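Here the structure is a predicted model, which is why all the values come from computation and not from measurement. Just so you know, ligand 1 is whichever comes first in the structure, and atom 1 is the first atom listed for that ligand.
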Amino acid sequence: MAALDRATEAEEFLSQPGFYQSSVLLPIAAHKRALLYAITTYPVTILIGETGSGKTTQLPQFLHQGGFTSDEKTIACTQPRRVAATTVALRVAEEMGVRIGDEVGYSIRFEDMTGPKTRIKYMTDGMLLREALVDPLLSRYSVIMVDEAHERSLSTDVLLGILKKIRKKRPELRLVISSATLQAEDFMRYFTEGEEDASKVATIVGIEGRAYPVDIQYLQEPCEDYVTRAVETVFDIHLKEGDGDILLFLTGREEIDRVVSLIGEQSSSLHPRSPQILALPLYAGLPSDQQLAVFDPPPENHRKVIVSTNIAEASVTIPGICYVIDSGFVKLRAYNPYTGIESLTAVPISKAAATQRAGRAGRTKPGKCYRLYTSTAFDSLEQQSIPEIQRSNLAPTILQLKALGIDNVARFSFPTPPPAELMVRALELLYALGAVDDYARLTRPVGVRMAELPLDPMLSRTLLASVEDGCWEQMLSIAAMTTVQNVFITHSDSKKAGEQQKRMFSVTEGDHLTLLNVYTAFTTRGKKEAKWARDHMLNFKALSRAVSVRNQLFRYLERHNPGLAEKHCENVTGERIRKCLVKGYFAHAARMQPDGTLRIPGREEELWVHPSSIMFNRKVEWVVFHEVVEGKKLFVRDLSVVEKAWLVEGGGGYWGVKEGR
Ligand code: CDP
Ligand code: MG
């Protein structure tokens, strides 16, 4: 008894804010044996547990200690987000006292930090799907843990379907599906349907968390601008409430950067001897050293404010949080099957997400959650958000499924089947791209090679075409540049200088050729040291990553085109490159209206040229664009001027098909 009392005491002591727990005391530690037993006994274990209880960081280690990595087998733990895969892997490597890439590694697109010694591998769910192309039974893994399955990301859903199939062929494979409580039964049903003895196939294990009550505060009246309101709330808490860090949920990068600098500015008015505020951003595109900074204890006499996207809702647990401020919004992928346009749109969160966000405040002691909306608004929220597979462009998914040998995608066992409309649109696009034939079968070699490239089908098609068109050297650079984010530095204080520098590289025909100029200048003049990039207001790290991405993409192309390195592209004009772009991006063609907005042929929606584009405020006729980006309007980014005749020629009949509908 005495020992037990002491344990509780120690736990209480360690769980005080500002004290960073040792993993030994995480709630999951008490369940180690039960978990190993369940996973040994049942092919599928559904794991439910409070966020922060140690599922992601500890369970793979338990399995490693429990013998699941003997015979050179590996444990995979998949994440819907790249940030989670990398931060968690780094944390576990540190806990185990090994170098990242040795026993513990991670693998995300264009970044493989694993080696022959790797036994615990954190990866995005999309990367594991790609591995299935080469190793259809995923035979190197003894256990696959699908983490955050309840988030129902597109790749998670596809992965679940594939794993369900693989499991039948590999009875020894163990699956762990980590899920929020509400969806556990659904996953249970999904994995046991059609099984003779369901009770032998799957089990649910729950880990009780150490959750404290959270006091929830609503607004009396709806607020007009949650960004301003959020900043006010941060200072209210700071001045009136006790110790503990703050976690603020916003929707995206631009908002977050703005709020971080607003908090910084206003905190200068705090009395220099009173407690200070340290605001830190957290979102997917952030460089990894900055992502890791959120886990560090704040400096003496500081309160930490983490300003985050919904990454911090469940994927990433930050110790020491006692106050949560919830904007009530999240940015979600939304696809319009009629325009063929996919965008990230800020929408109200679900009730489940609101509850999850509030729960982040009660990890170490009773907490408070400030919802920047009224209780009436809360009541009108949806119970759950719609799975991504029901609101995404499915062309990449269908291409991938076909490459995995699943020809009849309509009969594939999705956890939730996507609407027929989305399937039809995806097949139409893949057909026009030449990836599938009249019978919706994957074409050889085009379809197969497109699926191999770790890129969107439109970009894959363009790259393949560039080999035939004799502009692959240029197109590889363009592809790499569109893949990395934040090439241009656009701090508000030096905006003018940045624009001036950008003009040096700019080409009137559009952003793609401009990006090519930047890439070429970087590799000929600025690759060695960061100074050149800094002087030209360019992001050295992003450009260095583009070089690495380009090398990786080159190897994909070279595999099917031996001797490609020697086949230099001569006398390549901008026109040749833009014509080649059309061969992949015809579905993203738009015509400029007299008022400067863009329209997709036959559609009403107004698209706007993003202010970061070379084409902003310019008059042209036809363009193709790379993607639609977040914002109050539908902005398109990375545009190039094209001619109508090229669209008809290179469009694979796409516009003809649609006009006839
Ligand atoms: O997966 P689950 O939400 O159950 O928990 P976890 O991600 O394994 O995190 C367990 C604990 O480790 C949490 O209390 C985190 O605060 C801590 N952690 C950390 O301090 N630094 C990291 N990079 C990751 C986790
Ligand atoms: Mg986790």
Side-chain angles (χ1 to χ4, degrees), residues 11 14-32 35 45-64 75-96 100 104 106 120 122-125 145-151 153 156 176-181 183-184 205-212 244-245 247 280 282 286 288-298 304 306 308 310-322 324 356-357 359-365 367:
E11 277 189 35
L14 290 172
S15 63
Q16 288 172 34
F19 200 101
Y20 293 83
Q21 302 178 344
S22 119
S23 51
V24 190
L25 284 167
L26 288 171
I28 200 171
H31 298 263
K32 181 172 177 179
L35 277 165
T45 301
I46 293 149
L47 176 62
I48 49 187
E50 196 62 42
T51 302
S53 53
K55 300 180 297 295
T56 312
T57 53
Q58 306 308 308
L59 184 58
Q61 296 187 62
F62 295 169
L63 293 166
H64 182 46
I75 294 157
C77 178
T78 70
Q79 298 292 325
R81 297 195 180 81
R82 300 157 61 102
V83 194
T86 51
T87 54
V88 162
L90 288 165
R91 163 79 179 196
V92 173
E94 194 188 308
E95 279 184 21
M96 287 172 58
I100 188 80
V104 181
Y106 68 83
I120 299 179
Y122 291 94
M123 62 212 299
T124 50
D125 33 27
M145 171 172 176
V146 182
D147 210 352
E148 313 289 351
H150 59 273
E151 271 196 32
S153 83
T156 301
V176 178
I177 313 296
S178 120
S179 157
T181 316
Q183 283 96 318
V205 179
I207 303 164
E208 81 288 353
R210 217 187 298 128
Y212 295 86
D245 297 336
L247 174 59
L280 297 167
L282 180 63
L286 205 65
S288 35
D289 48 330
Q290 285 189 47
Q291 282 170 3
L292 288 172
V294 303
F295 295 104
D296 295 337
K304 196 162 72 167
I306 312 292
S308 174
N310 69 330
I311 290 176
E313 203 174 285
S315 297
V316 170
T317 309
I318 304 148
I321 302 293
C322 294
V324 163
Q356 178 67 29
R357 286 181 176 187
R360 312 280 66 229
R363 293 295 313 154
T364 43
K365 66 167 195 180

(request) With sequence neighbours left out, write down each residue that passes side chain to side chain contact (heavy atoms under 4.5 Å, CB included) with Q290, or none if nothing qualifies. (result) P281, L286, P287
(message) Between ligand 1 and T56, is the shortest N or O to N or O distance under 3.5 Å?
(response) yes
(request) Dump the intermediate steps for side chain to side chain contact (heavy atoms under 4.5 Å, CB included) on L280 and D296, then the final yes or no. (result) CA-CA 11 Å; L280 297 167; D296 295 337; over 6 Å; no
(message) With a 4.0 Å cut-off on N to O distance, would you call R81 and E148 a salt bridge?
(response) no
(request) Take Q291 and I311 through the side chain to side chain contact (heavy atoms under 4.5 Å, CB included) test and state the conclusion after the steps. (result) CA-CA 11 Å; Q291 282 170 3; I311 290 176; over 6 Å; no
(message) At less than 4.0 angstrom from any non-hydrogen atom of T51, what atoms of ligand 1 do you find?
(response) 3 (O)
(request) Can you figure out which of Q58, R91, K55 has its heavy atom closest to atom 12 (O) of ligand 1? (result) R91
(request) Show which atoms of ligand 1 fall inside a sub-4.0 Å distance from at least one heavy-atom site of P319. (result) 16 (O), 20 (O)
(request) Please could you name the atoms of ligand 1 that T57 approaches to less than 4.0 Å, counting only its heavy atoms? (result) 6 (P), 8 (O), 9 (O), 10 (C)
(request) For the residue pair V83 and S315, establish whether any side-chain heavy-atom pair is separated by less than 4.5 Å. (result) no
(message) Does any part of the side chain of M145, heavy atoms only, come nearer than 4.5 Å to the side chain of I75, both counted from C-beta?
(response) no
(message) With a heavy-atom distance limit of 4.0 Å, tell me whether L292 approaches ligand 1 through its side chain, its backbone, both, or neither.
(response) neither
(message) In the structure I gave you, are the side-chain heavy atoms of H31 and L35 within less than 4.5 Å of one another anywhere?
(response) yes
(request) Apply side chain to side chain contact (heavy atoms under 4.5 Å, CB included) to K32 and Q58, showing your working. (result) CA-CA 9 Å; K32 181 172 177 179; Q58 306 308 308; over 6 Å; no
(message) If I only include protein atoms of type N, O or S, how many are less than 2.8 Å from the Mg ion (ligand 2)?
(response) 1
(message) Could you tell me if the side chain of T364 sits less than 4.5 Å from the side chain of P319, heavy atoms only?
(response) no
(request) Using a strict 4.0 Å cut-off to heavy atoms of S53, name the atoms of ligand 1 that fall inside it. (result) 2 (P), 4 (O), 5 (O)
(message) If you apply the rule side chain to side chain contact (heavy atoms under 4.5 Å, CB included), what do you find for K304 with I321, and how did you get there?
(response) CA-CA 9 Å; K304 196 162 72 167; I321 302 293; 5.7 Å; no
(request) From the options G54, S178, G52, select the one whose nearest heavy atom is closest to atom 14 (O) of ligand 1. (result) G52
